[in-house]
Structure formats: C-alpha cells, structure tokens
Amino acid sequence: MGNRLSKIYTRTGDDGTTGMANGSRVSKADLRFDAMGKIDLLNSQIGLLRGYLSQDNHTQNSQNQPNHAQPNHVQFDAKLSRLQHQLFNLGGELAMPEYRGILAEYATELENQIDEWNTHLPPLKDFILPAGTIVTSQVHIARCYCRDAERLLVALNSRDDNVSPISLQFINRLSDWLFVLARVVARLDAGQEVLWDKTTLS
C-alpha cells in the first residue's frame, strides 16, 4: 500500500475520468463518485467533530471544571474513530461493489447506543434546531451530511442495484445516532437544547 500511495499524482484523471478497482475508467461526474464523495465529506466532518471534542475537553480540564457527575467528551472519541473506519469501509464498498466492509452488527451497535443514551434524555416534545455550541452544531452538520449520503446511496442503488442493504441500514441508523449524540453533547456543553418556537415569527 505504501508503494501505491507514494506517488500522489498520476495525470490519468486529467481527462475527467478516474479508475475503478476493476480497471475500468468512469466519469468523475458519475453518481457513484457523488456518493463516494459524500461519504468522504461525512467522514471528514466526523474528524472535525473529534477535533472540536478534544479541544473542548482540554479547555474544561484546564479550567478545572468538575466532570465526575457527567460523562466527558473524550468518551465519544473511540466511538467516532470506529465510525470513521467503518465509513472508509463503506467507501470501499462503493469503489468495489463485490467487497463487503459493513457488517449487520454495526447498525445494531448504533441502535444499542441510541437506546442507552435515550434512557438518560428527557422525552422529545418539540423540534430541535441545529444550533447551540460549536460542538453541538458540528454534530448536526455531520448528521446532515449523513442524510445527504443516504439519499445518494439510495439513488445509486436504484440505478445499479449493487449497494448492500446492510450498508443502507447502517447509514440510515448513523443519522439517528448523530441526532441523539447532538442531544447528549448539548447537555454536556450547556445543559440545554435549542428548541423550535413556532411563535417566534408570528
């Protein structure tokens, strides 16, 4: 792998095509690359979220804020790191449709975490705005990219019929997981979510 990646530019894509794992060349404007690119964007947004969480935790520690009563931001890093590897596997599936890098248990892991978090969250009675602290807002941005990715995967599967149903389930569950994560992080940051007020514009 090191030898393969030692030369970053090849000039073979200057004509607007790129090589697939099977040796074929496909237009960079193809729907498959839209989906792969959106997965990459989602992965990058999660990486940015990890950076914000790490920075936020460092600030809390430097200010000697007590955190024994609530979970620390650092607890989320291992989960988010695992997700980044899983998303990279999903990108591999899109590049090589015969490859399977997403397992059914991944969606189950997300569901179990959602259920656990929800036991500590108040019932949701109003719509939540994607706002609050930088960290909370970043979780919502990642959630939106996840929904975009899901739409493209569904469209790609409608065209090519070779996107794994397990992967479709995983990406759908991941957006739910990110939504609940935003609720959890909001309480760690400020103790309150930003709720939609239907009377604001009246």
Side-chain angles (χ1 to χ4, degrees), residues 35 38-39 41-54 56-57 60 65-93 100-154 157 163-197:
K38 193 64 71 173
I39 293 295
L41 278 169
L42 170 59
N43 209 339
S44 298
Q45 290 293 339
I46 289 177
L48 181 60
L49 172 60
R50 292 179 67 192
Y52 281 141
L53 284 167
S54 176
D56 208 42
N57 181 69
Q60 287 182 353
Q65 295 182 0
N67 55 16
H68 57 275
Q70 295 192 94
N72 194 281
H73 285 157
V74 166
Q75 71 164 312
F76 302 118
D77 190 68
K79 295 179 175 64
L80 293 168
S81 174
R82 179 171 171 80
L83 281 172
Q84 287 198 284
H85 287 281
Q86 291 169 341
L87 287 170
F88 203 89
N89 284 357
L90 179 51
E93 286 191 358
R100 287 294 172 259
I102 299 297
L103 306 180
E105 65 192 56
Y106 296 168
T108 302
E109 290 173 3
L110 295 174
E111 290 173 355
N112 291 339
Q113 184 68 79
I114 289 171
D115 292 341
E116 178 185 340
W117 282 339
N118 271 332
T119 61
H120 303 289
L121 291 170
L124 192 59
K125 298 180 180 179
D126 295 289
F127 291 106
I128 297 173
L129 294 182
T133 65
I134 290 177
V135 175
T136 302
S137 298
Q138 179 60 33
V139 180
H140 281 294
I141 289 172
R143 173 183 59 80
C144 292
Y145 274 105
C146 190
R147 285 299 191 197
D148 278 351
E150 181 185 10
R151 284 188 285 268
L152 285 171
L153 289 180
V154 170
N157 192 53
V163 178
S164 166
I166 294 175
S167 296
L168 292 173
Q169 181 188 40
F170 168 75
I171 201 71
N172 183 34
R173 205 68 74 252
L174 178 55
S175 61
D176 296 330
W177 186 88
L178 288 166
F179 176 79
V180 180
L181 176 62
R183 299 196 67 201
V184 174
V185 169
R187 280 163 173 74
L188 293 182
D189 283 342
Q192 187 172 352
E193 295 168 308
V194 180
L195 302 177
W196 171 64
D197 182 359

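Keep in mind it's a predicted model, so treat the numbers as computed, not measured.
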**OP:** Mind checking side chain to side chain donor-acceptor pair (under 3.5 Å) for R173 and listing every partner two or more places apart, or none if nothing turns up?
**Re:** E111

Original post:
Of the non-hydrogen atoms in R143 and P130, which two are nearest, and what is the gap between them?
Top reply: NH2-CB, 4.3 Å

**OP:** Could you tell me which non-hydrogen atom of S137 sits nearest to which non-hydrogen atom of G132, and how far apart they are?
**Re:** OG-N, 3.8 Å

Subject >> Qualifying residues under side chain to side chain donor-acceptor pair (under 3.5 Å), relative to E109, sequence neighbours excluded >> reply: R82

Subject >> Pairwise distance CG(L121) to CD(E116) - rounded to 0.5 angstrom >> reply: 10.5 Å

Original post:
Is there side-chain contact between L110 and L83, with heavy atoms separated by less than 4.5 Å?
Top reply: yes

Subject >> Side chain Q45, main chain I141, donor-acceptor under 3.5 Å >> reply: no

**OP:** Nearest 0.5 Å please: distance from the CZ atom of F76 over to the CG atom of L188.
**Re:** 5.0 Å

Original post:
Roughly how far, to the nearest 0.5 Å, is NE2 of H140 from CG of L49?
Top reply: 11.5 Å

Subject >> Full working for side chain to side chain contact (heavy atoms under 4.5 Å, CB included) between I171 and I39 >> reply: CA-CA 10 Å; I171 201 71; I39 293 295; 4.1 Å; yes

Subject >> L124/R183 under side chain to side chain contact (heavy atoms under 4.5 Å, CB included): CA gap, chis, key distance, verdict >> reply: CA-CA 10 Å; L124 192 59; R183 299 196 67 201; 3.8 Å; yes

**OP:** Kindly state each residue pair satisfying salt bridge (Lys or Arg N to Asp or Glu O under 4.0 Å) with at least one member in residues 120-134, sequence neighbours excluded.
**Re:** none

Subject >> Counterpart residues, side chain to side chain donor-acceptor pair (under 3.5 Å), relative to R100 (two or more places apart) >> reply: none

Original post:
Where do E150 and K38 land on the side chain to side chain contact (heavy atoms under 4.5 Å, CB included) test, with the steps shown first?
Top reply: CA-CA 9 Å; E150 181 185 10; K38 193 64 71 173; over 6 Å; no

Subject >> Derivation of the side chain to side chain contact (heavy atoms under 4.5 Å, CB included) call for R187 and H120 >> reply: CA-CA 11 Å; R187 280 163 173 74; H120 303 289; over 6 Å; no

Original post:
What are the two closest non-hydrogen atoms of L153 and A35, and how far apart are they?
Top reply: CD2-CB, 4.1 Å

Original post:
side-chain contact (heavy atoms from CB on, under 4.5 Å) with I102: which residues, sequence neighbours excluded?
Top reply: Q86, N89, L90, E93, Y106, I166, S167, F170

Donor-acceptor pairs under 3.5 Å, side chain of residues 174-181 to any protein atom, not counting sequence neighbours: which ones?
residue, atom, partner, partner atom, Å
S175, OG, R147, NE, 3.3
S175, OG, R147, NH1, 2.9
S175, OG, R147, NH2, 3.4
S175, OG, N172, O, 2.8
D176, OD1, R147, NH2, 3.4

Original post:
Heavy-atom distance under 4.5 Å between the side chains of L87 and I46, does that happen here?
Top reply: yes

Original post:
Rounded to the nearest 0.5 Å, how far apart are CG of L41 and CG of L48?
Top reply: 12.0 Å

**OP:** State the CG-CZ distance between L80 and R50, to the nearest 0.5 angstrom.
**Re:** 7.0 Å

